[in-house]
2 protein chains.
Amino acid sequence: MAVPRAARTQRRTRIQEEKEERILEAALDVFSVHGFRGSTIDQIAEAARMSKPNLLYYFRTKEAIHRQLIDRVLSTWLEPLQAFDAEGSPESEIRSYIRRKLEMARDFPRESRLFANEVLQGAPHIEDELKGPLKELVDEKAEVIRAWSRAGKIAKCDPYHLIFSIWSTTQHYADFDVQVRAVLGQEQAGEGRFEDAARFLEQLYMDGLRIQST
Amino acid sequence: MAVPRAARTQRRTRIQEEKEERILEAALDVFSVHGFRGSTIDQIAEAARMSKPNLLYYFRTKEAIHRQLIDRVLSTWLEPLQAFDAEGSPESEIRSYIRRKLEMARDFPRESRLFANEVLQGAPHIEDELKGPLKELVDEKAEVIRAWSRAGKIAKCDPYHLIFSIWSTTQHYADFDVQVRAVLGQEQAGEGRFEDAARFLEQLYMDGLRIQST
DNA sequence: GTAAGCTTTTACCAATCGGTCAAATTATCG
DNA sequence: CGATAATTTGACCGATTGGTAAAAGCTTAC
């Protein structure tokens with residue numbers, strides 16, 4: 001008899017690695033569009049081009065797939081904020097944070113929607129991550145911003161709401177892509193919209209925070 | 001034999017009015033949390049405190065409930081943008097638009113999440129509304145903003161991305177409420193967060209658009 | 001009151017859901 | 001090669017899904 005999951009903790013075959021990758025890739029496709037409850041194992045199995053029992057050989061439950069997906073994507077998702085550096089200048093740090101977040105919205109929209117779906121539906125599976133690692137990271141970076149504020153490098157403002165506003169404006173282009181495209185219309189909805197967004201947002205935050213451009 | 005839906009088009013009894021209201025109210029609760037696919041008729045029926053067949057007597061299908069809910073909520077949802085007045089001053093119009101949108105995020109979070117869920121999942125049920133009425137309204141208001149820009153009343157900026165950014169920042173407080181609360185922590189997550197947000201956003205947009213406060 | 005129509009319920013349906021099982025198949029290693 | 005372990009499959013399970021049929025219960029207008 002096969003002992004797949006016990007074996008996997010010790011060493012993973014090429015096949016295991018390959019199939020798990022395919023499953024997670026397919027699951028990202030499905031979960032990011034329909035959310036956890038709206039997605040079915042059959043959908044994921046079909047997207048991964050394998051039978052349902054075969055998929056369940058690698059992941060015991062639907063939740064197991066979802067959890068691993070979340071875990072894997074979360075760290076990538078926080079990277080831009082991690083990179084936010086107290087030593088840098090407010091201008092370059094905020095500019096590049098906006099750019100990075102917009103690039104992620106452009107290049108990894110599924111990851112963005114995966115989280116958006118999860119949070120929107122009450123974050124039943126990632127509450128701990130939000131209250132733990134995420135809060136700590138934001139607290140830390142908020143302190144950096146507050147220091148800039150006090151030093152007169154940027155306008156006085158609530159650092160938390162500043163971070164929220166950058167999150168929401170940038171992720172908007174991934175999460176609400178359909179709406180953005182619909183409103184912009186065929187002509188303006190090309191890839192150039194990310195450049196336009198970057199230009200607008202950088203200007204908004206530079207002037208809004210009264211940061212002198214160098 | 002009963003002919004409920006035909007009769008309803010002619011005149012609605014007190015009971016019909018009452019029950020349909022209860023169903024839509026319950027459906028808003030359920031759909032706004034789980035999205036269309038993630039919600040079940042049973043859930044809605046239970047929330048509406050009636051049996052499933054009884055619910056299906058008033059709405060033939062799950063989609064019928066969802067559609068009516070969307071239709072009803074959409075106009076309310078667009079009201080703040082409708083109120084955006086070309087004759088007013090940029091300062092008062094943008095200020096009050098932000099306030100109104102934040103008030104809606106605070107007072108009608110379910111409505112916001114209903115749309116967020118729908119759009120996030122590809123807007124399969126409201127594509128027409130987005131490409132039609134919504135786009136037209138935004139086009140119209142974008143022209144107002146562009147005129148202000150040209151007249152030197154506000155900084156030059158892309159009016160579409162300005163509108164997107166106001167949408168995303170304000171709705172963020174409804175759609176990602178769990179995240180906002182988690183990050184702010186127990187102490188700061190009270191109702192005061194909406195006042196803090198309003199203060200931050202008004203400052204950001206006034207300075208970001210170089211609008212002189214009067 | 002009573003008859004007509006409106007509302008509600010009980011019982012049910014086929015399809016789909018997440019997941020299991022044992023057997024068949026394939027890969028790996030000596 | 002042969003044996004052992006890893007992988008894949010088809011058949012199946014009970015629960016839940018969206019939805020129906022028909023009869024019972026209730027309102028309302030005459």
Side-chain angles (χ1 to χ4, degrees), chain A residues 1-24 26-27 29-31 33-70 121 124-125, chain B residues 1-24 26-27 29-31 33-70 121 124-125:
Chain A
M1 205 195 282
V3 192
R5 246 149 311 271
R8 202 186 311 153
T9 60
Q10 294 171 359
R11 89 189 121 101
R12 294 160 42 111
T13 51
R14 196 192 75 257
I15 292 181
Q16 276 175 5
E17 205 128 351
E18 234 176 76
K19 291 293 168 68
E20 286 178 18
E21 200 50 50
R22 242 168 64 192
I23 292 170
L24 288 173
D29 267 343
V30 177
F31 281 138
V33 171
H34 300 112
F36 182 75
R37 291 204 43 176
S39 303
T40 70
I41 298 182
D42 296 81
Q43 280 179 300
I44 298 170
E46 197 195 331
R49 307 183 309 277
M50 61 178 76
S51 67
K52 182 167 63 169
N54 196 7
L55 182 150
L56 285 165
Y57 170 76
Y58 292 101
F59 293 89
R60 252 192 290 258
T61 64
K62 189 168 94 163
E63 282 198 48
I65 311 175
H66 192 255
R67 168 146 296 277
Q68 186 149 334
L69 205 52
I70 292 269
Q121 305 188 359
H125 304 93
Chain B
M1 204 197 283
V3 193
R5 248 151 308 274
R8 200 186 314 153
T9 60
Q10 294 169 1
R11 91 190 120 99
R12 294 159 42 110
T13 50
R14 195 192 76 257
I15 292 182
Q16 276 173 7
E17 205 128 352
E18 235 176 77
K19 291 294 167 70
E20 286 177 19
E21 201 49 52
R22 240 167 66 191
I23 292 170
L24 289 173
D29 267 343
V30 177
F31 281 138
V33 171
H34 299 112
F36 182 76
R37 292 204 41 175
S39 303
T40 70
I41 298 182
D42 297 81
Q43 281 179 300
I44 298 170
E46 196 195 330
R49 307 182 309 277
M50 62 178 76
S51 68
K52 183 168 63 170
N54 196 7
L55 181 151
L56 286 165
Y57 170 76
Y58 292 101
F59 294 89
R60 250 192 293 258
T61 63
K62 188 168 97 166
E63 281 198 48
I65 311 174
H66 191 255
R67 168 146 296 278
Q68 186 148 334
L69 205 51
I70 291 269
Q121 306 187 358
H125 304 94

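Naming convention: chains lettered A, B, ... in sequence-line order (proteins, then strands); numbering from 1 in each chain.
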(message) With a 4.0 Å cutoff (strictly under), does any side-chain N or O of A/Tyr58 reach OP1 or OP2 of D/dA6?
(response) no
(request) Using atom CD1 of A/Ile44 as one end and atom C1' of C/dG19 as the other, report the distance to the nearest whole Å. (result) 13 Å
(request) With sequence neighbours left out, write down each residue that passes side-chain contact (heavy atoms from CB on, under 4.5 Å) with A/Asp42, or none if nothing qualifies. (result) A/Thr40, A/Lys52
(request) Return the value, rounded to whole Å, for the distance between atom CD of A/Glu20 and atom P of D/dT7. (result) 9 Å
(request) Round to the nearest Å and state the distance from B/Ile23 atom CD1 to C/dT8 atom C1'. (result) 12 Å
(message) Rounded to whole Å, please give me the gap between CG in A/Leu55 and P in D/dG10.
(response) 15 Å
(request) Taking the side chain as every heavy atom from C-beta outward, state whether B/Met50 and B/Arg22 have any atom pair closer than 4.5 Å. (result) yes
(message) Return whichever of A/Glu63 or B/Lys19 has its heavy-atom-nearest nucleotide of DNA chain C closer to the 5' end.
(response) B/Lys19
(request) For B/Glu63, check side-chain hydrogen bond (donor to acceptor under 3.5 Å, both in side chains) against everything at least two apart and list the hits. (result) none
(message) Between C1' on C/dT8 and CD on B/Glu18, what's the gap in Å once rounded to a whole number?
(response) 15 Å
(message) Just N and O in the side chain of B/Gln16: are any of them under 4.0 Å from OP1 or OP2 of C/dC6?
(response) no
(message) In terms of relative ring orientation, are A/His66 and A/Phe31 parallel, tilted or perpendicular, with 30° and 60° separating the classes?
(response) perpendicular
(request) Report yes if a side-chain nitrogen or oxygen of A/Ser51 is closer than 4.0 Å to either non-bridging phosphate oxygen (OP1 or OP2) of D/dT9; otherwise report no. (result) yes
(request) Taking salt bridge (Lys or Arg N to Asp or Glu O under 4.0 Å) as the test, write out the residues that go with B/Glu46, two or more places apart. (result) none
Are any protein N/O atoms closer than 3.5 Å to N/O atoms in nucleotides 14-18 of chain C? If there are, list each pair with its distance.
unit_1: C/dG18; atom_1: OP1; unit_2: A/Ser39; atom_2: O; d: 3.2
unit_1: C/dG18; atom_1: OP1; unit_2: A/Lys62; atom_2: NZ; d: 3.1
unit_1: C/dG18; atom_1: OP2; unit_2: A/Ile41; atom_2: N; d: 2.9
unit_1: C/dG18; atom_1: N7; unit_2: A/Lys52; atom_2: NZ; d: 3.0

(request) Could you tell me whether the phosphate oxygens of C/dT7, OP1 or OP2, come under 4.0 Å of any side-chain nitrogen or oxygen in B/Asn54? (result) no
(request) Measure from the side-chain heavy atoms of A/Tyr57 and tell me the nearest of C/dA11, D/dT7, C/dT7. (result) D/dT7
(request) Write down the distance between CE (B/Met50) and C1' (D/dG25), rounded to a whole number of angstrom. (result) 17 Å
(request) Compare all side-chain heavy atoms of B/Leu24 with those of B/Gln68 and state whether any distance is below 4.5 angstrom. (result) yes
(request) With sequence neighbours excluded, tell me which residues meet salt bridge (Lys or Arg N to Asp or Glu O under 4.0 Å) with B/Lys19. (result) none
(message) B/His34: which residues meet the ring-ring contact (aromatic ring centres under 6.0 Å, His included) condition with it, sequence neighbours left out?
(response) none
(message) With each end axis built from five pairs of C1' atoms, what bend angle do you get for the helix from C/dG1-D/dC30 to C/dG30-D/dC1? Round to 10°.
(response) 10°
(request) For B/Lys62, check salt bridge (Lys or Arg N to Asp or Glu O under 4.0 Å) against everything at least two apart and list the hits. (result) none
